[in-house]
A.B. asks: 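Supplied in structure tokens, the structure appears directly below.
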Amino acid sequence: MADNYNQTNVVSSTQVSNTTVNNTQINFYQELKKSADEAESIASQLEKKVTNKVLDMGVNAVMSLGSSFGGALVEAGAKAVEFGSEFETSMAKVSTRIDASQVDMESLQQEVLDLSDKTGVAASELGGAMYTALSAGVQMGDGGAGMMQYLESCTELAKAGFSDLDTAVSATADILRDYNLDLSDTDRVQKVLMQTHLLGGASLEELGNAMALVSPAAVATGVDVEQVGAALSVMTEQGVPAATAAEQLGRLLAALSTEGSQAQQALSSAAAGTQYAGMSFQEMMEAGLPLDEALDMMGVNADMSEEAMLEMFGSLEAGEAALSLSGEIRNFSPMTCPPCPPRWMWWARRPTSWPTLLGKS
């Protein structure tokens with residue numbers, strides 16, 4: 001019995017001991033699993049927080065980019081609509097100045113857009129320039145081809161003369177109209193404007209206004225646009241403002257052409273014995289006599305007093321112009337103009353005095 005009891009007790013003790021060990025292991029593993037679960041939970045929460053933060057940053061960045069890009073698109077769209085509206089308005093104004101039966105407006109609009117791409121000038125600006133040209137009397141020419149060539153030439157003149165397109169268009173158109181010239185004379189007129197600007201001291205806009213001021217007297221007396229440009233270049237280079245130079249030149253031409261005036265009589269006497277004998281001032285100009293030579297024949301020189309000038313020309317303004325243009329007029333030798341097209345290069349018709357255009361006799 002005692003042995004059985006002891007065995008039973010041993011077994012019971014062993015079982016208790018094993019049970020205790022098992023319980024301890026279970027508790028250990030349970031605690032370990034609990035800790036692992038908590039760690040996984042913390043890691044998961046941390047991962048979610050980091051992921052959400054990154055996502056938030058990404059979304060915000062995308063939203064910000066989208067907002068900026070969208071705003072740019074909206075602004076660009078608004079600009080495009082504005083430019084399109086301005087172009088349509090300018091072409092609508094053009095349509096009021098042309099014969100729709102002679103010009104296809106759709107084709108004309110496309111030509112303006114093509115010219116805009118070629119020159120870098122806004123289509124709406126070209127449309128406005130075309131309206132300005134038409135208003136000044138420039139003709140469309142052969143279904144609009146002449147006008148497109150005119151506009152392209154004016155864009156070149158504006159860039160070379162550091163001016164704007166409207167000024168180039170207006171200055172050229174005014175001279176063409178005042179001198180009764182054709183659209184085919186555009187290149188000739190723009191050569192005069194460009195070289196007068198380069199050799200003198202006036203801007204393209206100032207020269208356009210000056211040429212308009214003096215053109216009535218010049219046309220009436222047969223003085224061509226080249227001689228006017230040459231005179232203005234000499235006078236403005238000497239520091240005379242373009243408007244003042246134009247006024248003085250107009251007074252001089254009037255004095256030389258007025259029948260019976262002191263200046264006219266002096267010129268007539270000086271021309272005796274020359275190929276210009278018996279001619280009026282206008283006839284001399286039309287025969288090709290340069291203005292500076294006419295003044296030299298009259299004996300105009302720097303030694304003349306103001307009284308003598310006033311007596312000969314009837315006004316101090318006319319006398320001052322005569323003095324500026326006579327005598328030592330510098331040599332207009334061949335020159336180039338880096339910002340200009342190759343065709344805008346002037347050469348001297350006479351090697352020691354009056355500037356004119358290459359190929360013009």
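This structure is a prediction, so every number in the text was calculated from the model and none was measured.
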A.B. asks: List the residues meeting side chain to side chain donor-acceptor pair (under 3.5 Å) with D166, not counting sequence neighbours, and say none if there are none.
C.D. replies: T132
A.B. asks: Ignoring hydrogens and angles, tell me if any N or O in the side chain of Q238 forms a donor-acceptor pair with the backbone of S324 under 3.5 Å.
C.D. replies: yes
A.B. asks: Determine whether a donor-acceptor pair (N or O, by modelled atom type, separation under 3.5 Å) exists between the side chain of D117 and the backbone of D114.
C.D. replies: no
A.B. asks: Do M105 and M130 sit in one hydrophobic cluster, given that two such residues count as connected whenever their side-chain heavy atoms are within less than 4.5 Å of each other, even indirectly?
C.D. replies: yes
A.B. asks: Hey, does the side chain of Q190 reach the backbone of D187 with a donor-acceptor pair shorter than 3.5 angstrom?
C.D. replies: no
A.B. asks: Please check if the side chain of H197 supplies one atom and the backbone of A202 the other of a donor-acceptor pair under 3.5 Å.
C.D. replies: yes
A.B. asks: Backbone N or O of A217 within a donor-acceptor pair of the T221 side chain at under 3.5 Å?
C.D. replies: yes
A.B. asks: Does a side-chain heavy-atom distance below 4.5 Å link V225 with R188?
C.D. replies: yes
A.B. asks: What pairs with S107 under side chain to side chain contact (heavy atoms under 4.5 Å, CB included), at least two apart in sequence or on another chain?
C.D. replies: D104
A.B. asks: Is the closest side-chain heavy-atom distance between L256 and F313 below 4.5 Å?
C.D. replies: yes
A.B. asks: Going by heavy atoms in the side chains, are I98 and M147 under 4.5 Å from each other?
C.D. replies: no
A.B. asks: For E206, what residues pass the side chain to side chain donor-acceptor pair (under 3.5 Å) criterion, not counting sequence neighbours?
C.D. replies: S203
A.B. asks: Please find the pair of heavy atoms, one from M284 and one from L267, that lie closest to each other, and give the distance.
C.D. replies: SD-CD2, 3.8 Å
A.B. asks: Are more than 12 heavy atoms from other residues, nucleotides or ligands located less than 6.0 Å from atom CD of Q139?
C.D. replies: no
A.B. asks: Under the rule for side chain to side chain donor-acceptor pair (under 3.5 Å), what residues qualify as partners of D164, not counting sequence neighbours?
C.D. replies: T167
A.B. asks: Is there a side-chain contact between L183 and Q149 in this structure, where contact means two heavy atoms from C-beta onward sitting under 4.5 Å apart?
C.D. replies: no
A.B. asks: Does some side-chain heavy atom of Y150 sit less than 4.5 Å from a side-chain heavy atom of L176?
C.D. replies: yes
A.B. asks: Which residue pairs pass the side-chain hydrogen bond (donor to acceptor under 3.5 Å, both in side chains) test when at least one of the two sits in residues 254-264, sequence neighbours left out?
C.D. replies: none
A.B. asks: Quick one: does S269's side chain have a donor or acceptor within less than 3.5 Å of a partner on A266's backbone?
C.D. replies: no
A.B. asks: Using 4.0 Å as the upper bound for N to carboxylate O, is an ion pair formed by E320 and R251?
C.D. replies: no
A.B. asks: Test of understanding: clusters of I, L, V, M, F, W, Y form through side-chain heavy atoms closer than 4.5 Å, transitively. Do L213 and L232 belong to the same one?
C.D. replies: no
A.B. asks: Does D224 reach the main-chain N or O of E226 with its side chain, forming a donor-acceptor pair under 3.5 Å?
C.D. replies: yes
A.B. asks: Would a distance-only check, ignoring hydrogens and angles, find a side-chain to backbone donor-acceptor pair under 3.5 Å from K159 to T119?
C.D. replies: yes
A.B. asks: Holding to side chain to side chain donor-acceptor pair (under 3.5 Å), I want the full list of residues that pass it with D174, two or more places apart in sequence or in another chain.
C.D. replies: R177
A.B. asks: If we count only N and O atoms by modelled type, under 3.5 Å, do the side chains of E106 and Q110 hold a donor and an acceptor together?
C.D. replies: no
